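Because the structure is a prediction, the values reported are computed rather than measured. For this chain, numbers begin at 1 and follow the sequence in order. Side-chain atoms are counted along with the backbone in the values below, which use heavy atoms only and exclude waters and symmetry mates.
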Amino acid sequence: MSHRIEDYALIGDLHTAALISKAGSLDWACFPRFDSASAFTALLGDEGHGSWQLGPADDYNAGAPATHRRYVGDSLALESTWTTAHGTLRITDFMPPAEHDQHTPQVVRIVEAVSGRVTVRSRLRPRFDYGLVRPRITKVGDRQVLVAGPDALWLDTPAPTLAHDGVLCSDFVLSEGDLVTYTLTYKDSHHAPPPVIDPGAALARTLAFWQQWVEQCTYQGEYREAVVRSLITLKALTYAPTGGIVAAPTTSLPEAIGGARNWDYRYCWLRDAAITLSSLLRTGYREEARDWAAWLLRAVAGDPSTLQIMYGIAGGRRLAEFELPHLPGYIDSRPVRIGNGAAHQLQLDVYGEVAETLHRARRAGLAVGDTAADLQVALVHWLESHWDQPDEGIWEVRGPRRHFVHSKVMAWVAVDRTIKLIESGDADGPLERWRELRDDIHHDVCEKGYDKERNTFTQSYGSKELDASLLLIPQMGFLPPDDKRVIGTIEAIQRELSTEDGFVLRYPTSGEDAGVDGLAGDEGAFLACSFWLADDLAMIGRVIEARKLFEKLLALRNDLGLLAEEWDSKLQRQVGNFPQAFSHLALVDFAVALEGEATAVAAGSVRQTVPAPQDAP
């Protein structure tokens, strides 16, 4: 039986990550990088596709969820505890963080009896290449080695371990105070064996690493716990050698259970760049912000006409999409996809995202250099003759191209930020011509993307439908928050795109424009969009309402503070890839902004001048 998405915990080492269920089963891990083929793929199938089950073994407790679990302090070390009829068992799972580029991924599992006598069972069954390849198991001294082609896993443990039908099995009894450790190390099969580590010392180093990292956080507001956990999650999704941040460590977790909206998110999206930079800088993480900006500049270097919406963690461009028919998918949600074909779509909004990111970096004093200025000017030169084209838009639709309003707004952002760059004297460009271009784009959007009768901007030119990306209009400075068109749009989205529990859908998947994305089925409420609504409500003075929505969103986090991409209001569960960087970034950005709003309210500079509509959720 599949575990709920929110029943998983994340551990990681800044090169890759693993997901461990409440029942103690490691069901997803890719080695040696986030975007490598998985060696544990039960998340998208069953235990036969690769899993590592570890926990109590008696008939009553075998496979039972942990009684309690937590992260050890502000770290990424997971502590799961089972209280059984015979005693209490605790397992601590972690991956030692990368200390250099030539990092060797390791999963360490420390098992200890807290009280009584507990029978423990371990079933380690890796299956390389997304569950297809069963390794050969051999013994080298006291070590078990699992090899298949280029891949090898080395298991170090004092527990009695036997190989049976491609599975390493351990069954043993621990009495109060007893402790057994497992260390699983990935290594290219043609390389020398990895050294044996001291698991206790590795845990101490891991806890010290995270403690020192969290100490840099400058946010001290009332939501510090949620912000710190989100920042740790963001750090865990960072590929240390390049500074690239993956959208999520998983692929094909469905946006609707049993549906086909299943995508590979183990890549870096440019549209995440501005909010990532903002969140990092506003919470004290300048080094991470600098690394992210450097990754961005390397990735987008070259011809502006070949700009992609996403890149690999090292900046690679080839993200060819294909399907894995041998995997049944999470709760029969097919297909399972690897790669992402949206990488080569035309999405005009990314030009604005890049310009906004560089603009924020300069304002924060990050040295992005003359190359960044030249790139930004080159992007607008290209955009000048392409901004009025239809595109696939922010949501990467697989349907026909349209004149998406958000895309035009972000084209305006690209031009506006580049004009500011030229006005500052840090770049050269046709200033007057681009000022006219900025005005032309603004006029075009307000004339063709605004429904005067309903007082709202629309998803695309000529459409009656709404789109949550319109919530970014005031946040990007396209119009001020107190503009009646902005307020009308916010209220229309709140009225027409909200679920019964008050969260925000990206756009309609039924009705007049149901085929806009070219996909069948529905999806959940998009959590980042729900945070955007809270942000907008605060911007127009409805701070109390914004805070209530924010706290409702916080309540959706799992017991460890993690969020997926979406929320299924009917099933009352998280859906989509997990954990999702965009959700956590939006959480951090709003929490920090809310502190500013609260300060302004206390100073009397912000008032609730805009009343909430009676039918607001």
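- Checked by atom type and distance alone, the side chain of T161 pairs as donor or acceptor with a backbone atom of A159 at under 3.5 Å.
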I'd like to know whether R573 forms a salt bridge (Lys or Arg N to Asp or Glu O under 4.0 Å) with D7, so could you lay out the CA-CA distance, the side-chain angles of the two residues, the decisive distance to 0.1 Å, and finally the verdict.
CA-CA 10 Å; R573 59 185 297 182; D7 286 344; over 6 Å; no

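- The pair D171-R121 meets the salt-bridge criterion, since a charged nitrogen lies less than 4.0 angstrom from a carboxylate oxygen.
- For W52 and Y182, the ring centers sit closer than 6.0 Å to each other.
- Remark: D129 does not engage R134 in a salt bridge, criterion side-chain N to carboxylate O under 4.0 Å.
- Considering only heavy atoms from C-beta on, R266 stays 4.5 Å or farther from P249 through its side chain.
- When side chains are defined from C-beta on, V336 does not count as touching N262, because their heavy atoms never get closer than 4.5 Å.
- Between H49 and H326, the angle of the ring planes lies from 30° to 60°, which puts this pair in the tilted group.
- The two residues S230 and H584 make their nearest non-hydrogen contact at OG-ND1, 2.9 Å.
- Scanning both residues, G561 and R229, for their nearest heavy atoms gives O-CG, 3.8 Å.
- A salt bridge is absent between D264 and R337: the closest approach of a Lys/Arg side-chain nitrogen to an acidic carboxylate oxygen does not fall below 4.0 angstrom.
- D151 and S189 share no donor-acceptor pair across their side chains, judged by distance under 3.5 Å alone.
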Evaluate the side-chain contact (heavy atoms from CB on, under 4.5 Å) criterion for residues Y311 and R317: first the C-alpha distance (whole Å), next the side-chain angles of each, then the deciding distance (0.1 Å), finally the verdict.
CA-CA 5 Å; Y311 295 84; R317 291 171 171 261; 3.8 Å; yes

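- Within the 4.5 Å cutoff, side-chain heavy atoms of Q574 are placed close to those of W567.
- Looking at T218, its side chain does come within 3.5 Å of a backbone N or O of T283 through a donor-acceptor pair.
- K552 forms a cation-pi arrangement with F503, by the criterion of a distance under 6.0 Å to the ring centre and an angle within 45° of the ring axis.
- At a threshold of 4.5 Å between non-hydrogen side-chain atoms, the residues W295 and T238 do not count as touching.
- Checking side-chain atoms of E566 against main-chain N and O of G524 turns up a donor-acceptor pair under 3.5 Å.
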Stepwise side-chain contact (heavy atoms from CB on, under 4.5 Å) check, L587 with L553:
CA-CA 9 Å; L587 184 160; L553 285 161; over 6 Å; no

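- Heavy atoms from other residues, nucleotides or ligands lying under 6.0 Å from CG of D178 number more than 12.
- Across L89 and G55, no two heavy atoms sit closer than the pair CD2-C, 4.0 Å.
- S279 is listed as a side-chain neighbour of D589, based on a closest heavy-atom distance under 4.5 Å.
- Panel note: side chain Y330, backbone I5; a donor-acceptor pair is recorded below 3.5 Å.
- Looking only at atom types and distance, the side chain of E176 has no donor-acceptor partner in the side chain of S115 under 3.5 Å away.
- In this structure, E6 and N558 approach most closely via the heavy-atom pair O-ND2, 3.0 Å.
- Ring geometry, W213 versus W210: the interplanar angle exceeds 60°, so the pair is classed perpendicular (tilted spans 30 to 60°).
- Using cut-offs of 30° and 60° on the angle between ring planes, the pair F550 and F590 is tilted.
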Check step by step if salt bridge (Lys or Arg N to Asp or Glu O under 4.0 Å) holds for E396 and R271.
CA-CA 12 Å; E396 303 163 14; R271 70 172 46 90; 3.1 Å; yes

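- Judged by distance alone, with hydrogens and angles left aside, the side-chain atoms of S25 form no donor-acceptor pair with the main-chain N or O of D27 at under 3.5 Å.
- For the pair P158 and T181, the minimum side-chain heavy-atom distance is below 4.5 Å.
- Separation of atoms CG (L563) and CG (L585) is listed at 11.5 Å; rounding is to 0.5 Å.
- With salt bridges taken as basic N to acidic carboxylate O contacts below 4.0 Å, one links K235 and E288.
- Under a cut-off of 6.0 angstrom, the local environment of NE2 in H191 is crowded, with over 12 non-hydrogen atoms contributed by other residues, nucleotides or ligands.
- Formation of a donor-acceptor pair under 3.5 Å by the S21 side chain with backbone atoms of A23 is found in this model.
- In this structure, V196 and R143 have side chains that are in contact, with non-hydrogen atoms separated by less than 4.5 Å.
- Contact detail for I257 and S333: the closest heavy-atom pair is C-OG, 3.8 Å.
- To the nearest 0.5 Å, the span separating CG on L203 from CD1 on I110 amounts to 5.0 Å.
- Of the possible donor and acceptor atoms, none in the side chain of W28 sits under 3.5 Å from a partner among the backbone N and O of S51.
- Between the side chains of E47 and Q53, at least one donor N or O sits under 3.5 Å from an acceptor N or O.
- Atom OG1 in T276 sits 5.5 Å away from atom CH2 in W292 (nearest 0.5 Å).
- The CG atom of L556 sits 8.0 Å away from atom OG of S530, with the distance rounded to the nearest 0.5 Å.
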Applying salt bridge (Lys or Arg N to Asp or Glu O under 4.0 Å) to R70 and E79, what does each step give before you reach the verdict?
CA-CA 5 Å; R70 67 183 184 108; E79 186 180 274; 2.9 Å; yes

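- Residues S583 and A564 come closest through the heavy atom pair OG-O, 2.8 Å.
- A distance-only check finds no donor-acceptor pair linking the side chain of S278 to the backbone of A274 [under 3.5 Å].
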With salt bridge (Lys or Arg N to Asp or Glu O under 4.0 Å) as the criterion, how do E225 and R557 come out once you've worked through the C-alpha distance, each side chain's angles and the decisive distance to 0.1 Å?
CA-CA 12 Å; E225 176 273 326; R557 298 176 302 153; 3.4 Å; yes

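- We find the OG-CZ distance between S252 and R334 to be 12.0 Å, quoted to the nearest 0.5 Å.
- The OG1 atom of T16 lies 6.5 Å from the CZ atom of F31; values are rounded to the nearest 0.5 Å.
- In this structure, R282 is not positioned above the aromatic face of Y219 in the sense of NZ or CZ being under 6.0 Å from the six-membered ring centre and within 45° of the axis.
- No side-chain heavy atom of L527 sits less than 4.5 Å from a side-chain heavy atom of E565.
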Determine, step by step, whether L280 and L234 satisfy the side-chain contact (heavy atoms from CB on, under 4.5 Å) criterion, reporting the C-alpha distance in whole Å, the side-chain angles of both residues, the deciding distance to 0.1 Å, and the verdict.
CA-CA 9 Å; L280 291 171; L234 181 62; 3.8 Å; yes

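- For T242 (side chain) and I313 (main-chain N/O), a donor-acceptor pair under 3.5 Å exists by modelled atom type.
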Please report the C-alpha distance between V107 and L26 in whole Å, then the side-chain angles of each, then the deciding distance to 0.1 Å, and finally whether the side-chain contact (heavy atoms from CB on, under 4.5 Å) criterion is met.
CA-CA 10 Å; V107 175; L26 192 159; 3.8 Å; yes

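- With hydrogens and angles disregarded, no donor-acceptor distance shorter than 3.5 Å links the side chain of D272 to the backbone of I275.
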